Amino acid sequence: MIKLIKAVYGMHDYFFPDTILWKKIENIIQNILNNYGYQEIKLPLLEHSELFRKSIGEHTDVIEKEMYTLLDKNNNSLTLRPEGTLGFIRAVIEHNIFSNNKRFWYNGPMFRYERPQKGRYRQFHQIGLEVLGLESPYIDAEIIIIINNIWKKLNITKNIFLEINTIGSLKDRKKYIEKLVLFWEKNYSYLDLNDKKKIYTNPLRILDNYKYNNIKQLNFIPKLKDFLNKESIDKFNKFCNILNIMNIKFTINYYLVRGLDYYNDIVFEWKTYDISNQNISKTICGGGRYDKLINNMSNGKNHSGFGCAIGIERLLLLVQKNQSLKLNLNFLIDIFLIPMESNSSFKKILVISELIREKFPKLRMIISYCFKSLKKQIIQANKYKSRFILIVGQKEIKNNLIILKDLYIRKQISIPEEKLILNLEKYFNS
Ligand code: ATP
Ligand code: MG
């Protein structure tokens, strides 16, 4: 008995029609990004491990638990990227591309060694936006407007809500963290085991746990906003004002901190509720400002940054659950070509098919090579969800004819070969 090899735990295969929906979502997003002048960049999946260790934050979940790290044959420690921003910043510094366009996007797989569940996988995909060197609440708002337009096009604005916050500067957060640690120490017994471990290593991240929503509502936990500098507060107020002008609904979540250490000032998350438990929300898209990241990773380059990433699998699940995008799956093949059993009809079909492909490059066409009776091949054409069948046999070759069968109105005609293209134009030129 051969032992079957299965996919790696937490990594998924996608098939039709999910792949069609996926592509449609990608196209919608990419058209919108193109419209706002964002340029695509392609980045490696593997990076030096220290790229992530240095910048994400030593005590974040991503670094402590989720990295896919391996040694190559030369004993270099490499990591499958858990997110896109750091590879992007690495590339921007390495190629010194600050003076060109300032708006970029990427699309591709990310890897995190997490406990798999619905919407949480070990390989997942993100489309990310990054803006460099532009520092204004207007550019922060531009990203929100773009993402909001994406939700509009995907028809999911009703199923998704925006939370924003400002986390100020590193200095502000240090002062706040001192108070927060004191608070967690006093309320140690309320914390779960996992969070108890985070008190001194990542006290901010404890705020993410939905279990404490009740305590948060009681206003017991110190709020970061009471520790922020005036400039950060002003920027945040302007940002909120722009969102109001643009009619974008949001709530301020004073406990929103984001999982990675490199953010400052404005952070945001677009979430959707879990239908089974309204206390749990899933983040579809998250991001924020990272003005010190480039400086920390380079020798003295000072460029601000702002970015976010959309989780494609979670978005796909949301679009599927709400059936918010309609796919036309009635016909998946435009023309199914059947050569009857003789060498000359195969040759004829091949020549004709290439001619049609040249005239109508967008048509989906399949030549049946299954060598069965005509009846069985027509059944096959129906299984493929074909719109037309084109048949050539000995009799047709002799009389220079082609049979065109319309599977929609269930009618068939014999047409002279030279009139085939003209006939197809009636259906496919619109
Ligand atoms: P979460 O709090 O759910 O773990 P995160 O804060 O770790 O999310 P980010 O690092 O901000 O997530 O990544 C941006 C988006 O990528 C998330 O909002 C989510 O849609 C998606 N994402 C992150 N981790 C996973 C995963 N393991 N599987 C599927 N999608 C993911
Ligand atoms: Mg996470």
Side-chain angles (χ1 to χ4, degrees), residues 7-12 14 18 22 25-26 29 52 55-57 59-68 79-88 105-130 143-144 147 150-151 154 156 159-165 167 194-195 198 202 204-213 253 255-263 266-274 277 279-290 293 306-321:
V8 175
Y9 185 52
M11 305 205 175
H12 294 275
Y14 282 83
D18 292 347
W22 188 310
I25 292 173
E26 273 181 348
I29 298 177
F52 305 110
S55 303
I56 290 183
H59 297 292
T60 55
D61 282 352
V62 171
I63 296 297
E64 278 188 341
K65 301 183 218 149
E66 299 172 3
M67 297 252 279
Y68 266 97
T79 293
L80 278 167
R81 62 182 188 186
E83 55 97 88
T85 300
L86 288 166
F88 165 70
W105 64 272
Y106 57 80
N107 177 13
M110 308 292 157
F111 304 84
R112 296 185 192 177
Y113 200 84
E114 304 212 55
R115 215 171 63 185
Q117 50 186 278
K118 198 168 187 188
R120 188 176 296 287
Y121 312 117
R122 291 187 173 177
Q123 175 177 321
F124 61 99
H125 295 73
Q126 289 183 339
I127 293 186
L129 287 62
E130 311 286 351
I143 289 203
I144 302 287
I147 305 290
I150 292 172
W151 306 152
L154 295 175
I156 50 169
N159 317 97
I160 206 158
F161 61 94
L162 171 63
E163 288 188 345
I164 60 172
N165 191 21
I167 57 170
N194 202 11
D195 286 338
K198 290 186 190 154
N202 198 353
L204 283 177
R205 199 53 169 158
I206 302 177
L207 294 171
D208 265 4
N209 195 332
Y210 71 92
K211 284 185 195 156
Y212 312 122
N213 276 352
N253 174 354
Y255 299 110
L256 181 72
V257 289
R258 307 281 301 127
L260 318 174
D261 270 5
Y262 53 63
Y263 289 108
I266 288 157
V267 290
F268 67 90
E269 283 186 0
W270 241 293
K271 300 177 177 178
T272 180
Y273 278 121
D274 193 315
N277 184 347
N279 271 326
I280 304 178
S281 55
K282 277 220 170 73
T283 308
I284 304 284
C285 168
R289 193 154 267 291
Y290 53 82
L293 185 59
F306 192 82
C308 71
I310 303 171
I312 301 300
E313 283 83 348
R314 287 190 197 173
L315 187 57
L316 189 73
L317 284 171
L318 189 66
V319 168
Q320 279 169 332
K321 195 177 80 192

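Just so it is clear, the structure is predicted and the values come from calculations on it, not from any experiment. For this chain, numbers begin at 1 and follow the sequence in order. In each ligand, atom 1 is the first atom listed, and ligand 1 is the first ligand listed.
At a threshold of 4.5 Å between non-hydrogen side-chain atoms, the residues Phe52 and Leu80 do not count as touching.
For ligand 1 and Gln126, the ligand atoms under 4.0 Å from any heavy atom of the residue are 13 (O), 14 (C), 15 (C), 16 (O). For ligand 1, the atoms closer than 4.0 angstrom to any heavy atom of Tyr121 are 26 (C), 27 (N), 28 (N), 29 (C). Atoms of ligand 1 found under 4.0 Å from any heavy atom of Cys285, numbered from 1 in the order shown, are 18 (O). For ligand 1, the atoms lying closer than 4.0 Å to a non-hydrogen atom of Arg258 are 6 (O), 11 (O). Close approach of ligand 1 to Ile284 (heavy-atom distance below 4.0 Å) involves ligand atoms 18 (O), 20 (O). Close contacts of ligand 1 with Thr283, meaning ligand atoms under 4.0 Å from a residue heavy atom, involve 17 (C), 18 (O), 19 (C), 20 (O).
Put simply, no part of Glu313 is less than 4.0 Å from ligand 1, judged by heavy atoms.
Taken to the nearest 0.5 Å, the CD1 atom of Ile29 stands 5.0 Å off from the CD1 atom of Ile150. Rounding to the nearest 0.5 angstrom, the gap separating the CG atom in Asp61 from the CG atom in Asn194 is 7.0 Å. Atoms CD1 and CD, on Ile312 and Gln126 in that order, are 8.5 Å from each other to the nearest 0.5 Å.
At a threshold of 4.0 Å, the pair Arg258-Glu269 counts as salt-bridged, since one of the basic side-chain nitrogens sits closer than that to a carboxylate oxygen.
Compare Lys282, Arg120, Gln117, Glu66 by their heavy atoms: the one nearest to atom 3 (O) of ligand 1 is in Arg120. Relative to atom 12 (O) of ligand 1, the option among Glu269, Met110, Arg112 with the closest non-hydrogen atom is Arg112.
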Step-by-step side-chain hydrogen bond (donor to acceptor under 3.5 Å, both in side chains) determination, His125 to Glu313: CA-CA 7 Å; His125 295 73; Glu313 283 83 348; 2.8 Å; yes

Quick one: do Glu130 and Tyr290 satisfy side-chain hydrogen bond (donor to acceptor under 3.5 Å, both in side chains)? Show the steps, please. CA-CA 10 Å; Glu130 311 286 351; Tyr290 53 82; 2.6 Å; yes

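Contacts between Asp61 and ligand 1 below 4.0 angstrom, taking non-hydrogen atoms only, are absent altogether.
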